[in-house]
Structures are given as structure tokens and as C-alpha cells.
There are 2 protein chains.
Amino acid sequence: MKPVTIDDVAKRAGVSIKTVSRVVNREPNVRSATREKVEEAIAALNYRPNPSARGLAGRRSYLIGLLYDNPSPSYLANLHAGVMEACRELEYGLALSPVAYADPDMVAHVRAWLRQAQIDGVIVTPPLSDSAELIAAIRADNIPAIVVSTKGPGIVPAVLIDEEQAAHDMTSHLIGEGHKSIGFIIGHPDHYASERRLAGFRRAMQEAGLAAPDDVVRQGYFDFDSGRTAAVELLDLPSPPTAIFASNDDMAAAVLFEAQARKLSVPGDLAVAGFDDTPLSRQVWPGLTTVRQPIRTIGRTAGKALLDAIGAGGMPADVPEPVVMSFELKRRGSTGPHADD
Amino acid sequence: MKPVTIDDVAKRAGVSIKTVSRVVNREPNVRSATREKVEEAIAALNYRPNPSARGLAGRRSYLIGLLYDNPSPSYLANLHAGVMEACRELEYGLALSPVAYADPDMVAHVRAWLRQAQIDGVIVTPPLSDSAELIAAIRADNIPAIVVSTKGPGIVPAVLIDEEQAAHDMTSHLIGEGHKSIGFIIGHPDHYASERRLAGFRRAMQEAGLAAPDDVVRQGYFDFDSGRTAAVELLDLPSPPTAIFASNDDMAAAVLFEAQARKLSVPGDLAVAGFDDTPLSRQVWPGLTTVRQPIRTIGRTAGKALLDAIGAGGMPADVPEPVVMSFELKRRGSTGPHADD
DNA sequence: GTGAAAGCGCTAACAC
DNA sequence: GTGTTAGCGCTTTCAC
């Protein structure tokens with residue numbers, strides 16, 4: 001069975017192959033009637049351009065890259081799905097590339113990969129997106145790039161939520177339920193989001209006139225085990241907090257785990273809140289109150305912006321303002337009115 | 001910076017481009033003196049063949065595909081990582097393709113994708129891998145394929161674990177801890193593993209001389225909500241089982257959730273076991289006793305076997321025996337001695 | 001054993 | 001707005 005080529009489409013639509021190419025690549029200067037005819041033929045024949053031919057002729061790969069370092073599987077799956085949606089429309093492919101952030105040759109590895117695979121643009125996820133050296137190198141190689149879930153070094157566009165505001169709102173929610181002593185578990189220090197979430201927590205506490213002494217703010221690393229350690233420390237305090245807000249769901253689940261192990265009732269004895277709304281937050285008992293981020297939409301938005309930049313022949317000279325997506329508080333069983341008083 | 005092409009290498013080595021091509025592709029019929037000259041030139045120039053040009057001229061993509069339908073993110077992430085390991089050595093790329101199993105045009109969509117993207121071979125995951133129609137179509141198109149986590153229709157190689165034995169061993173473990181009435185939650189009916197795990201459960205019960213009446217065997221669909229429904233039904237029974245074995249971790253977590261909601265103590269009042277050893281199994285309280293599968297190794301093994309077949313010019317005439325990987329029982333807090341008697 | 005020529009399917013440049 | 005022509009860098013085919 002011979003693959004459908006651009007010639008077949010051109011013949012069926014009664015136009016030249018160049019016009020088909022224009023339609024496929026969303027170029028201007030095509031009359032809409034012509035465009036429709038071509039689109040009809042593409043659909044009827046179920047035509048898909050041959051990526052190798054495109055790459056060879058266009059001196060690019062029609063591939064965008066997604067760089068990540070060990071994110072939570074659901075984060076990656078959602079982001080990936082979102083970026084794919086953006087790619088599908090423009091017939092772009094998506095190449096995933098795991099990168100070891102801590103590798104001393106990390107920047108060199110990434111550059112080699114981008115060049116070798118002829119990647120046309122990249123989406124960079126935390127914590128890689130906060131490596132000023134990496135982002136600068138990618139820009140220097142003149143490869144369009146976008147960072148997600150962080151502002152990055154400010155030299156490429158970003159798509160994110162207002163982490164500070166989200167953490168503020170969650171903290172305020174806990175305060176509104178009567179909690180006065182709230183523990184906080186910070187995320188991985190290399191992530192932009194960690195600092196913002198802590199800032200939001202502090203602002204909300206301050207606005208309510210509540211204290212947030214150093215011993216109720218603990219360092220975690222976004223993983224379950226560090227969350228458990230932090231939970232142990234917080235609950236071993238002479239007067240432990242009545243609520244704990246962890247910077248992500250994995251760590252919040254660990255707090256829940258430790259609370260259960262101590263036979264504390266949740267939320268009666270201890271309220272727990274997380275961040276991210278991962279599947280985990282619905283699967284632990286009681287369900288985790290958390291902040292939902294539209295990861296998939298972030299992926300789609302970043303993908304579209306990146307493809308726009310590629311289509312426009314590169315990144316614009318001045319960096320656009322970060323795109324800020326909305327978030328949502330999801331209230332589940334792990335938080336509730338504080339009744340100790 | 002102009003990329004080094006095959007012409008540059010040919011010029012420097014003083015041979016024709018065809019000879020360079022022969023050396024690069026490890027074809028026979030090149031005198032070793034010639035080969036060495038060419039290799040020297042390749043090294044000196046740091047030449048890498050352009051994948052697009054290779055793909056276009058050679059009518060293949062140097063890409064393998066991974067077909068999936070909504071698997072758990074951690075399953076996909078691990079499998080993906082394993083397949084990538086296999087790809088890296090041979091400079092192959094990996095393209096992911098989400099497929100809607102229930103789509104009436106599913107087979108046509110997959111065939112179109114394989115054809116248009118010129119995919120050189122595919123790895124197919126459950127439940128797609130159990131669609132005899134799909135696998136037959138892929139074989140008919142003469143595209144090398146391998147199924148994982150299932151035996152498939154038997155016309156392509158498979159990499160899996162002995163699901164029946166694993167479920168048998170877990171059931172025996174529960175029996176060994178004193179449970180006589182054990183509930184079972186079946187997985188999604190379209191998955192091969194579901195049937196095998198049920199069979200293993202039944203065999204273990206039978207070997208122990210225990211009954212497994214129909215009302216303690218409930219249908220689930222591998223997701224949390226169906227697990228919860230099944231758990232409710234089982235726990236509402238006039239004499240509920242003292243242990244529940246769910247066919248995967250998501251459903252087992254739902255059993256745990258329902259047990260907590262009913263203030264049942266686990267494992268005292270109810271023991272719970274899962275399957276897959278997803279991250280979730282360590283993050284719920286108490287930790288889930290479960291079966292660990294080496295997903296990443298399965299991916300690497302399948303990837304290597306597929307690349308071997310591609311390199312050998314296609315699938316061998318007779319289908320090799322399935323590769324059976326080992327599994328492991330992970331004992332955590334959700335199971336323990338039964339003390340009711 | 002080696003080379004010359006003919007494309008693979010598409011985009012870029014420029015003509016109309 | 002649309003078509004024509006000339007490659008992109010490689011493998012294939014078939015000469016020698």
C-alpha cells in the first residue's frame with residue numbers, strides 16, 4: 001500500500017503541490033475557497049506529510065522537544081498530552097528527552113541532542129527551566145524555547161500559574177477554617193515554584209496576623225520520603241501545628257501517611273493540604289484538599305506559542321510577558337473546620 | 001555552521017559517496033583499507049548522517065512507535081524509559097501514539113499513522129495488544145511488532161510476566177496469613193492480564209480447598225472508581241471477606257479508601273493486596289502489599305527485540321516463545337495475619 | 001569492490 | 001494568489 005503523497009492531494013484538489021504545502025503549513029496567501037478544497041482532499045485521502053521529506057527539504061525536523069528531569073509521571077503525561085494537541089494541528093512531532101539536571105555536562109548533552117536531532121524548538125520543564133546556563137545556551141544556539149511552570153531566567157517566554165497567589169489562597173482557606181498554627185513544607189530548592197509557594201504562604205499568614213516561625217517551615221524535596229521526614233519533625237514539635245500545607249501532593253500524602261501512623265484523625269486533629277491535584281490526591285484517604293493546575297492546557301498553550309515562534313522564523317526580539325493560567329482550589333476531606341478551641 | 005555531509009566525507013577519503021554509505025551502514029563488499037580511510041574521514045569531520053535524508057531515501061524513519069490507550073502514567077513512563085534505553089544504542093527514535101481502543105475506526109487510524117509516519121516497528125500495550133484485528137493488520141502491513149504485558153493473539157512476539165502465577169502467589173500469601181474468605185476484584189475485561197490474574201486467584205483458592213463463590217468475585221475496570229464500587233459491594237456482603245485482592249493498585253487503593261471510610265482497621269479487620277507496585281502503593285496508608293513487575297526492563301527487552309527484527313529485515317517466519325520476566329511480591333502494611341478466629 | 005545516476009517527498013525561491 | 005523549478009542528503013539500482 002503506497003503512502004499518500006502531496007502529489008495525490010494536489011491532483012485531487014486540482015491545484016499545485018505548492019498550494020497544498022501552503023495549506024498544510026498554514027501559510028498566508030491562499031484563497032479560502034482554495035484552502036477548503038485542499039483541506040477536503042487532505043481529509044478524504046487521510047494525507048499526512050512525510051516528516052523525512054519535510055525535514056530534508058525544509059532543513060528542519062518538524063520536531064519539537066520536551067526536556068524533563070524526573071517529573072511526576074502524571075505531570076509529564078498531562079503536559080505531553082497537551083503539547084501533542086498543539087502539535088497535531090500543525091503536523092509536528094514531539095520528541096521527549098530525559099535530562100539529568102545534576103549532570104555536570106548537562107548543558108553540553110542537551111545542545112548535542114538538539115543539534116543532532118535537528119530539534120526545531122523546545123519546551124523546558126522544572127527544574128531544568130530554572131537553569132540560566134541551559135536556557136542561555138539554547139538561546140545562543142538560536143533555538144526557540146519556552147519554559148513552563150516557572151518564569152525561568154526571563155529570556156524566553158513562560159507559561160505558568162500564579163504560584164504565590166495559589167499558595168496564598170490555600171493558606172487563607174486553612175486560616176478561614178480556624179487554623180492558627182499552620183506548618184509548611186517547602187518544595188525542592190531548585191524549583192521556582194518552591195520559593196513562590198512559600199512566599200504565598202508567608203503573605204497569607206502575615207495578612208491574618210499569624211506567626212510562621214522557622215520551626216513550622218520545613219524543607220522538603222517534592223518526594224514522598226522528604227515529606228514524611230518533614231511531617232515527623234512537625235508533629236514532634238512541642239506544640240505541633242493543627243494544619244500542614246505541603247508544597248505538592250506527594251509530600252502531602254506523606255503527611256497523611258504519618259498522621260495515620262500516629263492515629264491522628266484527619267482533619268479533626270490535623271488538616272492537610274497539597275498542591276497539584278495529581279490522581280494521588282483522590283486516591284488517598286481522606287481525599288486531599290489541593291490546588292488544581294491545568295497542566296494539559298499549559299502544555300497546549302506552550303506548544304502553540306512555540307510553534308508560532310518557529311513558524312515566524314524564530315523567537316521575537318523582546319520576550320513576551322509570561323502567560324498566567326488560572327488555578328482552582330479543590331476541597332476534599334483532608335481539610336475542615338478546626339475544633340480544638 | 002554548515003553541517004558535514006556525505007559529500008565532504010567522500011571528498012576527504014577520496015572515494016564516492018556510495019562507498020561512504022556502505023561503510024556507514026556496515027554493508028559488506030568494502031575493502032578494509034578503503035573502510036579505514038572512510039572511517040578516518042568520518043571521525044576527523046565528526047560526520048553524522050542526516051536522519052531525514054536517510055529516512056527519505058531509505059523509505060524508513062528510524063523511528064519505532066509505542067501504541068497505548070490511557071495506561072497509568074507510571075506504567076507508560078517506565079515502559080517509555082525502558083524502550084528509550086534500547087533505542088539509544090542504535091540511534092533510533094521513539095514516537096508515542098495514544099490510540100482510542102474503543103474507536104470503531106481504531107485499526108484504520110493506527111494503520112494510517114504507521115504508514116504515514118513510516119514507523120519501522122511498533123510496541124503495542126494492553127488492551128490494544130489483545131485486539132486480534134489490530135495485530136493482524138499490523139502483521140499484514142508487514143510492520144515488525146511486539147506486544148507487552150500480554151501474550152496477544154500469538155502472531156507476534158511478547159514480553160510479559162506470568163500473571164497467573166503472580167496472582168496465585170499473592171493469593172497463597174493471603175491464605176498463608178490465615179485468610180479463608182478472600183474477595184477478588186477483576187480487572188478490565190478487555191485486558192489479557194485480568195483473566196490470568198483471576199485464574200491464578202482461583203487456582204490458589206482451590207489448592208487450599210477454599211471456596212470462591214461468585215459474590216466475592218467482582219468486576220472492576222482497573223480504575224479507582226470501579227474499585228470503590230466493588231469494595232462497597234464486597235464489604236456490604238452479609239459476611240464480608242477478611243481480605244480483598246484487587247487486580248491493580250488503583251483499585252486496591254480504592255478498597256483501602258472505603259475501609260478507612262468505614263473505620264475498618266487494616267490489616268486487622270481487612271487485609272488488602274494490589275498488583276503493579278505503582279508509586280501509589282507506597283503513598284497510601286498503610287502501604288499496599290502488591291506484585292512488582294519490572295516494567296522498565298520489559299520495555300528495554302521489547303525494544304531490543306524489535307530493533308533486532310528491524311535490523312534483520314523483518315519479523316522471523318515463526319513466532320518466538322513469549323519472553324517471561326520475573327515478578328516479586330512486595331509485602332507492605334496492608335496485609336498481615338488474620339486474627340479473627 | 002566501486003561508482004554514476006536516479007530519485008525519495010517535500011519546501012524555498014522566484015516566476016507569473 | 002498560485003505554479004514552476006531546483007534541490008535538501010541520502011539510499012537504491014545497476015553499471016563497470
Side-chain angles (χ1 to χ4, degrees), chain A residues 1-39 41-42 45-63 90-93 115-118 120 310-311 313, chain B residues 1-38 41-42 45-63 91 115-118 120 310-311 313:
Chain A
M1 192 155 88
K2 233 175 130 61
V4 179
T5 73
I6 196 170
D7 293 293
D8 302 324
V9 177
K11 205 164 297 168
R12 177 171 175 124
V15 299
S16 77
I17 61 166
K18 181 59 215 177
T19 299
V20 177
S21 175
R22 287 201 175 91
V23 171
V24 169
N25 293 295
R26 306 268 193 288
E27 282 172 30
N29 298 340
V30 179
R31 218 196 317 249
S32 56
T34 315
R35 180 180 300 278
E36 273 167 33
K37 262 195 312 188
V38 173
E39 275 165 352
I42 288 175
L45 265 29
N46 194 23
Y47 166 71
R48 296 270 170 281
N50 177 322
S52 296
R54 284 224 294 182
L56 184 56
R59 290 178 232 125
R60 42 180 166 151
S61 62
Y62 291 86
L63 228 44
L90 289 165
E91 307 281 1
Y92 254 76
R115 195 156 57 91
Q116 167 71 27
Q118 312 234 80
D120 294 339
I310 293 170
Chain B
M1 191 159 83
K2 225 176 135 67
V4 178
T5 74
I6 197 170
D7 291 294
D8 302 323
V9 177
K11 204 164 296 168
R12 181 177 171 119
V15 299
S16 78
I17 62 165
K18 179 60 217 179
T19 299
V20 177
S21 175
R22 287 200 174 92
V23 171
V24 169
N25 292 297
R26 291 173 172 57
E27 283 173 30
N29 298 341
V30 179
R31 219 194 321 250
S32 58
T34 315
R35 179 180 301 279
E36 274 168 33
K37 262 195 311 189
V38 173
I42 288 175
L45 266 26
N46 192 26
Y47 167 71
R48 295 258 168 274
N50 177 323
S52 295
R54 234 144 82 104
L56 182 57
R59 294 182 228 115
R60 49 182 173 145
S61 60
Y62 294 86
L63 274 181
E91 309 254 14
R115 192 156 47 92
Q116 295 293 346
Q118 310 252 80
D120 295 340
I310 292 169

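As the structure is a computational prediction, the values presented were derived from the model and not from experiment. Note on naming: letters A, B, ... go to the chains in the order of the sequence lines (proteins, then strands), and numbering restarts at 1 for each one. Only this structure's heavy atoms are used, side chains among them; waters, hydrogens and symmetry mates stay out.
- Distance check: B:Ile6 CD1 to B:Leu45 CG gives 12.0 Å after rounding to the nearest 0.5 Å.
- Residue-to-nucleotide proximity on DNA chain C shows that, of B:Arg35 and A:Asp7, the 5′-proximal contact is made by B:Arg35.
- Between B:Tyr47 and D:dC10 there is a side-chain N or O to OP1 or OP2 distance below 4.0 Å.
- Atom pair A:Ile17:CD1 and C:dA12:C1' shows a separation of 11 Å (rounding to whole Å applied).
- Atom NZ in B:Lys11 sits about 16 Å away from atom C1' in C:dG3, given to the nearest Å.
- B:Val15 comes within contact range of the sugar-phosphate backbone alone, with a heavy-atom separation under 4.0 Å but no base atom that close.
- The base of C:dA12 sits with one of its N or O atoms less than 3.5 Å from a complementary donor or acceptor on the side chain of A:Lys18.
- Considering only heavy atoms from C-beta on, B:Tyr47 stays 4.5 Å or farther from B:Val38 through its side chain.
- Comparing D:dT2, C:dT11, D:dC10 by their nearest atom to the side chain of A:Tyr62 picks out C:dT11.
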Under the criterion side chain to side chain contact (heavy atoms under 4.5 Å, CB included), I'd like the reasoning laid out for B:Val4 against B:Asn46: C-alpha separation, chi angles, the key distance, then a yes or no.
CA-CA 8 Å; B:Val4 178; B:Asn46 192 26; 6.0 Å; no
Show your reasoning for whether side chain to side chain contact (heavy atoms under 4.5 Å, CB included) applies to B:Lys37 and B:Val23.
CA-CA 10 Å; B:Lys37 262 195 311 189; B:Val23 171; over 6 Å; no
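- Between the CG atom of A:Leu56 and the C1' atom of C:dC8 there is a distance of 9 Å, rounded to whole Å.
- In this structure, A:Ile6 atom CD1 and C:dG7 atom P are separated by 19 Å, rounded to whole Å.
- OP1 or OP2 of D:dT2 lies within a sub-4.0 Å distance of a side-chain N or O belonging to A:Thr34.
- If you take CG of A:Asn50 and P of D:dG9, they are 17 Å apart, rounded to a whole angstrom.
- Taking 4.0 angstrom as the limit, B:Thr19 places a side-chain polar atom (N or O) nearer than this to OP1 or OP2 of C:dG3.
- Taking atom CG of residue A:Asn25 and atom C1' of nucleotide C:dC10, one finds them 9 Å apart after rounding to whole Å.
- Rounded to an integer number of Å, the gap from B:Leu45 CG to D:dG9 P is 14 Å.
- Judged by atom type and distance alone, A:Arg22 reaches the base of D:dG3 through a side-chain donor-acceptor pair under 3.5 Å.
- Counting non-hydrogen atoms under 4.0 angstrom, A:Ser52 reaches nothing in the nucleic acid.
- Taking atom CD of residue A:Gln118 and atom P of nucleotide D:dC8, one finds them 14 Å apart after rounding to whole Å.
- Distance alone, capped at 3.5 Å, is enough to place a donor-acceptor pair between the B:Asn50 side chain and the B:Ser52 backbone.
- For the pair B:Arg22/B:Thr34, no side-chain contact is recorded, criterion being any heavy-atom separation below 4.5 Å from C-beta on.
- Judged by closest nucleotide on DNA chain D, A:Ser32 is the one of B:Gly58 and A:Ser32 placed further toward the 5' end.
- When the side-chain nitrogen and oxygen atoms of B:Ser16 are compared with OP1 and OP2 of C:dT2, none of them lie within a distance under 4.0 Å.
- Phosphate proximity of C:dT11 to A:Arg54: present, with a side-chain N or O under 4.0 Å from OP1 or OP2.
- OP1 and OP2 of D:dG9 both lie 4.0 Å or more from every side-chain N or O belonging to B:Thr5.
- Note on A:Asn29: a base of the nucleic acid sits closer than 4.0 angstrom, heavy atoms only.
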